[in-house]
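Notes for the one structure printed next.
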Amino acid sequence: MRIEIELKQEIDNSYQIYIEPLKKLHIDSKVAIITNTTVKKLHIDYLLQRLEAVEVKVIELEDGERYKNIQSILSILDNLFENHFNRSSKIIAFGGGVVGDMSGFAAAIFQRGIEFIQIPTTLLSQVDASVGGKTGINSKYGKNLIGAFHQPKAVYIDSHFLQTLPRREFNAGVAEMIKMAVTFDAEFFNWLESVDLTDKKSVQDAVASSVRIKASVVAKDEKEMGIRAALNYGHTFGHVVEREGNFEKFLHGEAVSIGIIMANRLSVALGKLTHKEESRIRTLLERYSLPTLYHIDDIEKFYEAFFLDKKSGDNSITFILASNIGSVEIVKDIEKSTVIDALKSYNALGAK
Ligand code: NAD
Ligand code: GLY
């Protein structure tokens with residue numbers, strides 16, 4: 001006997017992304033604001049002054065990528081249960097990408113899923129992490145290996161929060177902007193080369209351009225069955241760098257910067273990117289003091305670590321390669337020896 005469950009359905013996950021000073025938010029249910037110690041201290045009053053809800057509970061996490069783990073998720077869930085949250089309650093993710101990814105994941109699994117709102121407070125989370133519904137945590141096997149797609153109900157991007165962001169964190173966000181420009185928008189890249197991102201207006205314009213790119217890619221491929229993987233440019237390499245540094249040596253955006261340069265070495269070896277374009281990308285990253293050099297101690301081990309990446313199949317690794325500035329290719333089945341040679345040529349760039 002065979003019984004079919006018919007589950008064909010159209011789901012409308014559309015939402016608005018507001019890029020403007022935060023206006024009054026009215027929420028007709030209980031709300032848990034999930035944040036961390038740093039953001040709470042700096043900005044919780046600003047948010048509370050603009051929030052009206054049936055009841056508000058602030059859940060405070062430790063600050064740091066090393067807390068992006070299952071223990072933090074369990075503590076969020078305990079907190080929600082102890083405070084009698086239910087399926088109509090909502091979560092506000094209030095912080096950078098770490099808080100955003102964890103809050104979204106908690107929202108995805110609490111009582112099989114509740115609604116959440118993103119209020120990102122770092123540049124990186126404003127231009128990338130808060131948009132698109134990727135939520136999750138790290139495991140000892142690698143970054144973001146546990147998670148769920150769970151779209152927010154809305155994203156509120158307010159440049160007010162960036163005033164307190166340390167320069168190094170700001171620059172890490174610029175790495176993700178450069179990623180969007182190299183992969184999808186040559187004009188945006190040219191514009192980024194022509195500005196300094198020191199004034200509010202140019203930062204705001206850059207945020208808007210990045211979010212526009214991200215939103216259009218996610219709209220085409222919400223669950224990363226195809227083109228969305230291109231947003232992982234620099235990440236296949238960067239995630240290994242991040243893990244080798246125990247998630248402490250480099251910020252995520254810094255590891256992505258290094259990963260972009262590694263990926264570009266491979267693009268150049270395959271004739272997809274010219275030396276001139278490779279050098280323009282490196283110059284732009286370095287303008288924001290982003291690291292571009294890194295010494296790979298054990299290239300074979302580095303290569304093997306790619307297989308822990310979600311984008312890798314059993315026997316093949318997916319590489320996201322810039323093919324000229326402004327376009328991108330998703331390439332499988334590159335010979336191992338070609339990748340190893342590219343990594344050797346990367347090491348030869350000179351990091352000690
Ligand atoms: P983060 O969340 O660790 O924030 C960086 C630091 O800035 C933290 O110490 C934080 O407390 C502090 N901070 C936050 N807002 C601040 C403010 N306004 N003023 C002063 N300090 C502030 O790091 P991040 O760079 O925002 O995000 C990185 C994470 O995002 C990684 O875990 C990465 O995997 C994830 N990510 C997710 C996606 C996605 O699509 N879901 C995309 C890109 C990155
Ligand atoms: N940051 C990659 C993505 O959202 O797909």
Side-chain angles (χ1 to χ4, degrees), residues 34-44 46-47 60-69 72 93-105 108 118-138 142-152 155 157-177 179-180 183-184 210-211 213-215 217-236 238-239 242-243 247-248 250-257 259 310-311 320 330:
I34 302 181
T35 188
N36 71 18
T37 44
T38 310
V39 177
K40 183 178 172 211
K41 213 176 288 160
L42 292 167
H43 295 299
I44 197 74
Y46 182 88
L47 175 56
E60 188 179 345
L61 305 172
E62 295 297 329
D63 184 357
E65 181 78 35
R66 69 183 179 287
Y67 297 104
K68 193 175 165 184
N69 57 29
S72 300
F94 186 48
V98 170
V99 164
D101 282 9
M102 284 202 286
S103 310
F105 185 46
Q118 285 274 14
I119 305 186
T121 60
T122 61
L123 183 64
L124 186 141
S125 57
Q126 295 196 344
V127 299
D128 193 347
S130 64
V131 174
K134 277 191 181 175
T135 74
I137 50 173
N138 303 326
K143 271 224 28 131
N144 300 332
L145 289 181
I146 300 168
F149 284 99
H150 188 54
Q151 297 293 342
V155 183
I157 297 175
D158 183 343
S159 60
H160 167 82
F161 301 118
L162 301 182
Q163 291 169 29
T164 55
L165 196 65
R167 175 55 50 182
R168 188 176 164 205
E169 294 290 349
F170 179 89
N171 291 342
V174 175
E176 299 279 15
M177 286 178 166
K179 168 195 84 175
M180 312 265 189
T183 45
F184 287 102
S210 306
V211 170
I213 294 169
K214 173 114 193 210
V217 174
V218 171
K220 288 188 191 105
D221 178 23
E222 183 188 349
K223 298 275 171 76
E224 197 170 305
M225 307 305 281
I227 189 66
R228 182 165 180 175
L231 292 173
N232 296 318
Y233 170 54
H235 287 57
T236 305
H239 282 169
E242 225 177 334
R243 199 168 58 254
F247 300 115
E248 277 172 8
F250 297 106
L251 302 178
H252 175 71
E254 292 174 340
V256 167
S257 170
K310 294 186 292 307
K311 295 171 295 305
I320 316 300
I330 300 170

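Order of listing sets the numbers, starting from 1, for every ligand and every atom in it.
The aromatic ring centroids of Y233 and F184 lie 6.0 Å or more from each other.
Looking at atom 3 (C) of ligand 2, its nearest protein heavy atom turns out to be K134 NZ, 3.3 Å. Scanning all protein heavy atoms for the shortest distance to atom 3 (O) of ligand 1 gives V98 CG2, 3.4 Å. For atom 22 (C) of ligand 1, the closest heavy atom belonging to the protein is L165 CD1, 3.7 Å. Nearest protein heavy-atom neighbour of atom 5 (C) of ligand 1: E169 OE1, 3.2 Å. Given atom 24 (P) of ligand 1, the protein heavy atom at minimum distance is G97 N, 3.5 Å.
The distance from ligand 1 to the heavy atoms of K143 drops below 4.0 Å at these ligand atoms: 31 (C), 32 (O), 33 (C), 34 (O). Atoms of ligand 2 lying under 4.0 Å from any heavy atom of K214, numbered from 1 in the order shown and given with element: 1 (N), 3 (C), 4 (O). Less than 4.0 angstrom separates some heavy atom of K134 from each of these atoms of ligand 1: 40 (O), 41 (N). Applying the 4.0 Å criterion to heavy atoms of N144 picks out, from ligand 1, the atoms 34 (O). Distances below 4.0 Å separate heavy atoms of N36 from the following atoms of ligand 1: 10 (C), 11 (O). Listed by number with element, the atoms of ligand 1 under 4.0 Å from a non-hydrogen atom of T164 are 17 (C), 18 (N), 19 (N), 20 (C). Those atoms of ligand 1 that come under 4.0 Å of a heavy atom in D63, given as number and element, are 8 (C), 9 (O), 10 (C), 11 (O). Atom numbering of ligand 1 starts at 1 in the shown order; those under 4.0 Å from a heavy atom of K68 are 31 (C), 32 (O), 33 (C), 34 (O), 35 (C).
Looking only at side-chain heavy atoms (C-beta outward), F161 and I119 come within less than 4.5 Å of each other.
Under a 4.0 angstrom heavy-atom cut-off, H43 registers as being in contact with ligand 1. Heavy-atom separations between D128 and ligand 1 include at least one value shorter than 4.0 Å. At a 4.0 Å cut-off, not a single heavy atom of E176 sits close enough to ligand 2 to count as contact. Ligand 1 lies within reach of K214, whose nearest heavy atom is under 4.0 Å from it.
A distance-only check finds a donor-acceptor pair linking the side chain of Q126 to the backbone of D158 [under 3.5 Å]. Between the side chain of N171 and the backbone N or O of V174, no donor-acceptor pair lies under 3.5 Å. Between the side chain of D221 and the main chain of I227, a donor-acceptor pair closer than 3.5 Å is present. Side chain of K179 to backbone of L231: a donor-acceptor contact under 3.5 angstrom is found. A donor-acceptor pair is defined here as one N or O able to donate and one able to accept, closer than 3.5 Å; such a pair exists between the side chain of S130 and the backbone of S125. Judged purely by atom type and a 3.5 angstrom limit, R228 has no side-chain atom pairing as donor or acceptor with the backbone of V218. The backbone N or O of A148 sits less than 3.5 Å from a side-chain atom of T135, completing a donor-acceptor pair. Side-chain atoms of K68 do not come within 3.5 Å of backbone N or O of N138 as any donor-acceptor pair.
No N or O atom of L42 sits closer than 3.5 Å to an N or O atom of ligand 1. Residue-to-ligand polar distances place T121 within reach of ligand 1: an N/O pair is separated by less than 3.5 Å. For ligand 1, none of its N or O atoms has an N or O atom of P166 under 3.5 Å away. On a distance-only criterion, R228 and ligand 1 share no N/O pair closer than 3.5 Å. Of the N or O atoms in F161, one or more lie within a sub-3.5 Å distance of an N or O in ligand 1.
Which of D128, V218, I227 comes nearest to atom 1 (N) of ligand 2 through a heavy atom is settled by distance: it is D128. Taking only non-hydrogen atoms, the option from N138, N232, D101, L124 nearest to atom 44 (C) of ligand 1 is L124. Of the candidates E65, K41, H160, the one placing a heavy atom closest to atom 31 (C) of ligand 1 is E65. The closest non-hydrogen atom to atom 4 (O) of ligand 1, taken over V39, V218, T122, comes from T122. By heavy-atom distance, the residue among G173, G147, A129 lying nearest atom 38 (C) of ligand 1 is A129.
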Starting from the C-alpha separation in whole Å, work towards a yes-or-no answer on side-chain contact (heavy atoms from CB on, under 4.5 Å) for D128 and M180.
-> CA-CA 9 Å; D128 193 347; M180 312 265 189; 3.9 Å; yes
Hey, mind stepping through K134 and N144 against side-chain contact (heavy atoms from CB on, under 4.5 Å) and telling me if it holds?
-> CA-CA 9 Å; K134 277 191 181 175; N144 300 332; over 6 Å; no
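Nearest heavy atoms, A229 versus I330: CB-CD1, 4.1 Å. The shortest non-hydrogen separation linking F250 to E242 is O-CG, 4.4 Å.
Taking a 6.0 Å sphere around NZ of K40, one finds it holds 12 or fewer heavy atoms contributed by other residues, nucleotides or ligands.
Counting heavy atoms under 4.0 Å from ligand 2, residue N232 touches it through the side chain alone.
Of the residues listed (T35, T164, T121), the one engaging H43 in a side chain to side chain donor-acceptor pair (under 3.5 Å) is T164, and it is the only one.
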